[in-house]
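Atoms within a ligand are numbered from 1 in the order they appear, just like the ligands themselves.
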Amino acid sequence: MQWIVPLFDPDLGVEEEEALIGVIRSKWLTMGDRTSSFEKAFAEFTSVPVAIACNSATAALHMALAALEIGPGDEVVVPSMTFVATANAVRYCGATPVFADIESLDQWNVTAASIERVVSSRTRAIIVVHYAGYPCDMHEIMALSGRLGIPVVEDVAHAPGASIDGKSLGAWGDLGCFSFFSNKNMTTAEGGMVTTRRPELADRLRWLRSHGMTTLTLDRHKGHAFGYDVVALGYNYRMSELNAALGLVQLARVSERNAKRAMVVGEYRSRLAEIPGILVPFATHRGEPAFHIMPVLLPEGVDRNAVMSAMRDAGIQTSIHYRPVDTFTAYVEAGLGPSDNVPLSHVVGERVVTLPLFPRMSDDQIDLVCEALRRAVSAAQPGA
Ligand SMILES: *Cc1c(COP(=O)(O)O)cnc(C)c1O
């Protein structure tokens with residue numbers, strides 16, 4: 001399908017090409033100088049002491065929970081309004097995800113109150129997601145975390161470069177997990193980063209990333225080490241030098257691109273206000289968001305499939321972020337859903353449509369999307 005307006009359009013150019021050629025010519029393909037430079041630059045960008053590159057945010061989330069020693073019998077609070085990987089990471093550890101609801105039909109993030117409603121004596125961690133790049137209320141959530149003595153993992157997949165009061169998301173919680181998948185605000189094709197403000201977790205995270213081994217291939221290559229021990233049950237979650245080289249180029253641009261996303265969202269908001277019945281969430285927000293996606297809530301009773309089909313026929317790609325995790329077959333069959341705790345997430349899950357958003361989107365493209373949406377919604381009214 002050749003879209004007139006695609007859902008996303010990654011910014012990749014000559015600098016990325018040259019970065020990749022440089023890696024090939026260096027003949028060192030994984031866990032080398034580019035990966036350590038990317039980690040150092042990302043730690044500075046996020047103002048955390050430790051940033052560990054890995055091959056996805058899913059791996060980052062798994063490592064974060066494993067570093068906190070989450071295991072069977074433990075519960076971890078997660079939003080239902082997220083990508084399934086957030087909750088899957090809990091299950092990889094043998095623990096039980098317990099779903100927390102969004103605040104309202106306008107604010108689609110979990111809150112300290114919605115988390116506290118589902119905390120039990122078995123809760124060992126809380127994962128928050130900064131949905132669409134809009135910051136959760138980290139002041140309140142960290143106050144709750146301190147009061148209950150339960151660590152917080154931030155899923156920052158939507159929000160690299162976002163902040164509250166000048167402090168980056170990913171630096172508030174005990175650990176932060178970032179994604180560099182191809183449709184995220186910055187990409188390494190596939191890739192992730194786990195950050196932590198707790199330097200004592202760094203060794204364990206490094207062991208988890210690479211088979212529990214105590215020395216790196218690079219150190220042995222350089223003659224700094226000969227043997228190694230295996231001190232933990234690790235995985236292979238390493239990042240390649242190709243991905244890290246892309247990450248260095250993309251990181252240098254992410255703030256500028258987030259600013260462009262902010263302008264596109266501003267244009268969208270003023271146009272969408274003219275379409276009867278369309279609710280654009282996060283009418284207000286805290287901090288500096290990263291504007292990852294452009295979700296809207298359709299009016300009640302409107303046939304969403306009909307709207308999305310009409311948009312497709314007009315050459316406009318849309319998506320759904322998200323079907324609530326607790327409603328998926330694999331969660332229902334495991335006895336983990338559907339959850340009675342997340343009614344608002346279920347309402348959003350039925351009515352959300354995600355519109356195209358990328359930094360270089362033109363005003364003409366925004367007009368096309370809004371006009372197609374206006375027509376599609378008026379044709380898909382109940383009884384129309
Ligand atoms: C994309 C995404 C992930 C998973 O990221 P990968 O790098 O593809 O593993 C996790 N959580 C959220 C909220 C995401 O959007």
Side-chain angles (χ1 to χ4, degrees), residues 7-8 10 35 38 42 51-66 76-93 97 99-100 102 108-110 125-136 152-162 169-170 173 175-195 208-209 235-240 242-244 246-247 250-251 254 258 261 281-282 289-295 319-326 328 330-331 342 345 348-349 352 354 357-358:
L7 192 63
F8 71 97
T35 305
F38 183 38
F42 203 85
I52 292 174
C54 56
N55 54 23
S56 69
T58 307
L61 286 160
H62 185 193
M63 289 197 298
L65 295 175
V76 177
V77 176
V78 296
S80 176
M81 184 47 55
T82 183
F83 183 57
V84 66
T86 316
N88 282 350
V90 176
R91 296 179 65 192
Y92 298 159
C93 296
F99 295 101
I102 58 173
W108 296 4
N109 278 323
V110 295
I126 295 161
I127 308 183
V128 300
V129 174
H130 304 287
Y131 176 91
Y134 294 96
C136 294
V152 171
V153 175
E154 295 178 74
D155 178 336
V156 206
H158 293 188
L169 302 186
L175 297 118
C177 300
F178 292 81
S179 175
F180 310 127
F181 183 60
S182 39
N183 64 3
K184 302 293 158 95
N185 288 34
M186 57 173 282
T187 183
T188 63
E190 296 276 4
M193 190 76 76
V194 50
T195 59
L208 287 163
R209 173 171 65 181
Y235 303 90
N236 176 358
Y237 285 163
R238 294 185 303 260
M239 175 173 271
S240 87
L242 293 157
N243 304 108
L246 291 176
Q250 290 266 311
L251 180 61
V254 69
N258 284 352
R261 288 173 178 276
F282 299 98
F291 302 103
H292 173 53
I293 48 174
M294 186 67 217
S319 185
I320 296 173
H321 293 85
Y322 290 100
R323 175 168 160 184
V325 174
D326 63 292
F328 283 121
Y331 277 75
V342 293
S345 303
V348 167
V352 61
T354 309
L357 173 60
F358 44 91

In ligand 1, which numbered atoms sit nearer than 4.0 Å to a non-hydrogen atom of Thr82?
13 (C)

Can you say whether the rings of His158 and His292 are parallel (under 30°), tilted (30 to 60°) or perpendicular (over 60°)?
tilted

If you measure from each heavy atom of Tyr322 to ligand 1, is any distance below 4.0 Å?
yes

Option with minimal heavy-atom separation from atom 9 (O) of ligand 1, where the choices are Leu61, Thr58, Asp155, Thr188:
Thr58

Within the 4.0 Å heavy-atom cut-off, what Ser56 brings close to ligand 1 is both

Ligand 1-proximal atoms of Glu190, by part, heavy-atom distance under 4.0 Å
neither

Pairwise side-chain contact, Tyr322 with Trp108, heavy-atom cut-off 4.5 Å (strictly under)
no

What is the ring orientation for Phe180 with Phe178, classed by angle as parallel under 30°, tilted 30 to 60°, or perpendicular over 60°?
parallel

Tell me: protein heavy atom nearest atom 8 (O) of ligand 1, and distance?
Phe181 CB, 3.8 Å

Enumerated ligand 1 atoms positioned under 4.0 Å from heavy atoms of Ala157
2 (C), 11 (N), 12 (C), 13 (C), 14 (C), 15 (O)

Can you list the ligand 1 atoms lying under 4.0 Å from a non-hydrogen atom of Phe83?
2 (C), 3 (C), 4 (C), 12 (C), 14 (C)

Does Lys184, backbone or side chain, put an N or O under 3.5 Å from an N or O of ligand 1?
yes

Min side-chain heavy-atom separation Phe181-Phe83 under 4.5 Å
no

Near Gly191 (heavy-atom distance under 4.0 Å), the atoms of ligand 1 are 7 (O)

For residues Asn243 and Asn55, is any side-chain donor paired with an opposing acceptor at under 3.5 Å?
no

Flag side-chain contact, heavy atom, 4.5 Å: Val153 against Leu61
yes

Enumerated ligand 1 atoms positioned under 4.0 Å from heavy atoms of Thr86
11 (N)

Under 3.5 Å, is there a donor-acceptor pair between the Tyr237 and His62 side chains?
yes

